[in-house]
There are 2 protein chains.
Amino acid sequence: MSDGDQVTGRAPARSKRSDALRNQQALLAAAAEVFVASGVDAPIREIAARAGVGIGTIYRHFPTRADLVVAVYRHQVEACAEAGPALLADAGSPFTALGRWVDLFVDFLVTKHGLANALRSDSGGFEALHAYFLDRLVPVCARLLDAAADAGEIRPGTQAYELMRGIGNLCAGHDGDPRYDPRRLVGLLLEGLRRPPSS
Amino acid sequence: MSDGDQVTGRAPARSKRSDALRNQQALLAAAAEVFVASGVDAPIREIAARAGVGIGTIYRHFPTRADLVVAVYRHQVEACAEAGPALLADAGSPFTALGRWVDLFVDFLVTKHGLANALRSDSGGFEALHAYFLDRLVPVCARLLDAAADAGEIRPGTQAYELMRGIGNLCAGHDGDPRYDPRRLVGLLLEGLRRPPSS
DNA sequence: TGACTAAGCGGAACCGTGTTCCGTATCGTT
DNA sequence: AACGATACGGAACACGGTTCCGCTTAGTCA
């Protein structure tokens, strides 16, 4: 890990210099994009270029590839968690918010997917991350679902864990096969969640 | 595939020149050794060096890594199959023959292990290979078991498929962890097969 | 047997990645 | 403003895959 906290703690930003912090953020964002576009095996240089930093910088912040992947993972979980309430407040309707949120969640899953490979050998740190991810996101999703249900936009009674699990499974087989677009199916799933027009 | 036959056929050695054939054999043997020692991701150069040929030669015979791995796989199955009767004839006792044969079989399994990875994407050719391997080897093992049982060296009634499956499973978790030596356990398994001294 | 041809060989050279290292730029402080 | 610590960038190196081409040699034919 490049910063000093455990999975359960918040990022302490223990850094000294402002530019270092800026670069770290840029790197996390760039890596997330590149991972989505090219998988976790994307060339380091590509990530550095996208972030607008040198190669040395990336190695200073994240000595190993696993460090970077884990950091992105946590960053994405955080972003997802924080985006929930924000979307609820900003988007036109709870259902729209839910839709946007699910989109972020899918981004996250795609990134997460190669992660299992990148972390083989990394002892049991993987399970801890997974638990963290569930603890953090299920409540957020639940709140979005509740809001949409309260607004009468979707049928009530859907369980957040179940929905997230379903989305996760839809994203699982994703191997770059152009014939299989998980996002399309997830969209369908959401559509199916809609309350049937009150007959 | 570099030679032109299917899984079910014998190697046709359709080549024209003798040295080409020799090199192909040397390459198969060398690759098998290197795969056992360093896994299927071993550098091409290392295999070429071990076989005493140039890099170009390896690429001419086996254009892709999968080609080489498949060829080694089939070569090993063949070697295993042919070694059975030979060992039975040469070794002192059927049990010794069985022991030696199992040793070869383990070599094969270790090689085979990384194979699944190397063949992802290679359509369903993998299942065909697996079926071929079972068809070819189960009878050989069965004959060794029968001979040893007839000689009173092991308890009768052991099923070849079951034994092979068990050995396969013992070799499965093999990740280069020095604390886990499949061969040791397989030895134990064989020892357990021995007929208890007729009480 | 010797000349000839093309199959086959070796490995230098090239490319794309990961990784290291150090001179330079920048930040924050005094 | 000056200065030391910190961080930055990217050239340089290491390493493995892949290509390509001049040389060697097996096999043939007279």
Side-chain angles (χ1 to χ4, degrees), chain A residues 1-4 11-31 34-35 37-72 114 117-122, chain B residues 2-4 11-31 33-35 37-72 114 117-122:
Chain A
M1 299 256 160
S2 74
D3 34 42
R14 94 185 192 310
S15 51
K16 296 254 176 90
R17 271 173 56 166
S18 57
D19 54 348
L21 195 52
R22 244 196 340 272
N23 277 329
Q24 181 154 331
Q25 291 303 110
L27 236 15
L28 286 174
V34 172
F35 286 166
S38 322
V40 280
D41 289 330
I44 298 279
R45 281 177 234 267
E46 190 178 335
I47 298 170
R50 166 94 66 146
V53 306
I55 304 163
T57 302
I58 216 172
Y59 274 96
R60 194 167 321 100
H61 286 295
F62 310 102
T64 76
R65 193 179 210 86
D67 289 335
L68 178 56
V69 175
V70 167
V72 167
N117 281 332
L119 289 188
R120 290 280 171 264
S121 79
D122 216 37
Chain B
S2 74
D3 32 44
R14 94 187 192 307
S15 52
K16 296 257 176 91
R17 271 174 55 166
S18 57
D19 54 347
L21 195 52
R22 244 194 343 268
N23 276 329
Q24 181 153 332
Q25 292 302 110
L27 237 14
L28 285 175
E33 290 175 28
V34 172
F35 285 166
S38 322
V40 280
D41 289 331
I44 298 280
R45 281 177 235 265
E46 189 179 336
I47 298 170
R50 167 93 65 144
V53 307
I55 304 163
T57 302
I58 217 173
Y59 274 97
R60 193 167 324 98
H61 286 294
F62 310 101
T64 76
R65 191 178 211 87
D67 289 334
L68 178 56
V69 175
V70 168
V72 167
N117 282 332
L119 288 187
R120 289 280 171 264
S121 80
D122 217 38

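In what follows, chains carry the letters A, B, and so on, assigned in the order in which the sequence lines appear, proteins first and then strands, with residues in each chain numbered from 1.
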If I take atom [atom1] in residue [X] and atom [atom2] in nucleotide [N], what distance separates them, rounded to the nearest angstrom?
X	N	atom1	atom2	value
A:Leu68	C:dG18	CG	P	11 Å
B:Leu21	C:dA7	CG	C1'	14 Å
A:Ile44	C:dT20	CD1	C1'	13 Å
B:Arg22	C:dC9	CZ	C1'	12 Å
A:Tyr59	C:dT17	OH	P	12 Å
A:Glu46	C:dG18	CD	C1'	14 Å
A:Ile58	D:dG9	CD1	P	11 Å

- Query: Nearest nucleotide by nearest heavy atom, which residue falls closer to the 5' end of DNA chain D, B:Ser18 or B:Arg45?
  - Reply: B:Arg45
- Would you kindly compare B:Ala42 and A:Gly56 by the position of their nearest DNA chain D nucleotide and give the one closer to the 5′ end? A:Gly56
- How far does CZ of A:Arg50 sit from CD1 of A:Ile47, to the nearest 0.5 angstrom? 9.5 Å
- Message: To the nearest 0.5 Å, what is the distance between CG on B:Asp41 and CZ on B:Arg65?
- Response: 5.5 Å
May I ask you to verify if any side-chain N or O of [X] is less than 4.0 angstrom from the OP1 or OP2 atom of [N]?
X	N	value
A:His61	D:dA7	no
A:Asn23	D:dA7	no
A:Arg65	C:dG18	yes
B:Arg60	C:dC9	yes

- Note on the structure: The answer to which of A:Asp19 and B:Thr57 contacts DNA chain C further toward the 5' end, by nearest nucleotide, is B:Thr57
- Query: What is the minimum heavy-atom distance between B:Val72 and B:Phe35, and which atoms define it?
  - Reply: CG2-CE1, 4.1 Å
- Backbone of B:Ala20 reached by a side-chain donor or acceptor of B:Arg60 within 3.5 Å: no
- Item | Candidates C:dA12, D:dA7, C:dT20 - which lies nearest the side chain of B:Ile55 | C:dA12
- Kindly point out which of C:dA7, D:dC8, C:dC27 is positioned nearest to the side chain of B:Arg17? C:dA7
- Message: Test side chain to side chain contact (heavy atoms under 4.5 Å, CB included) on A:His61 and A:Leu68; report intermediate values, then the result.
- Response: CA-CA 8 Å; A:His61 286 295; A:Leu68 178 56; over 6 Å; no
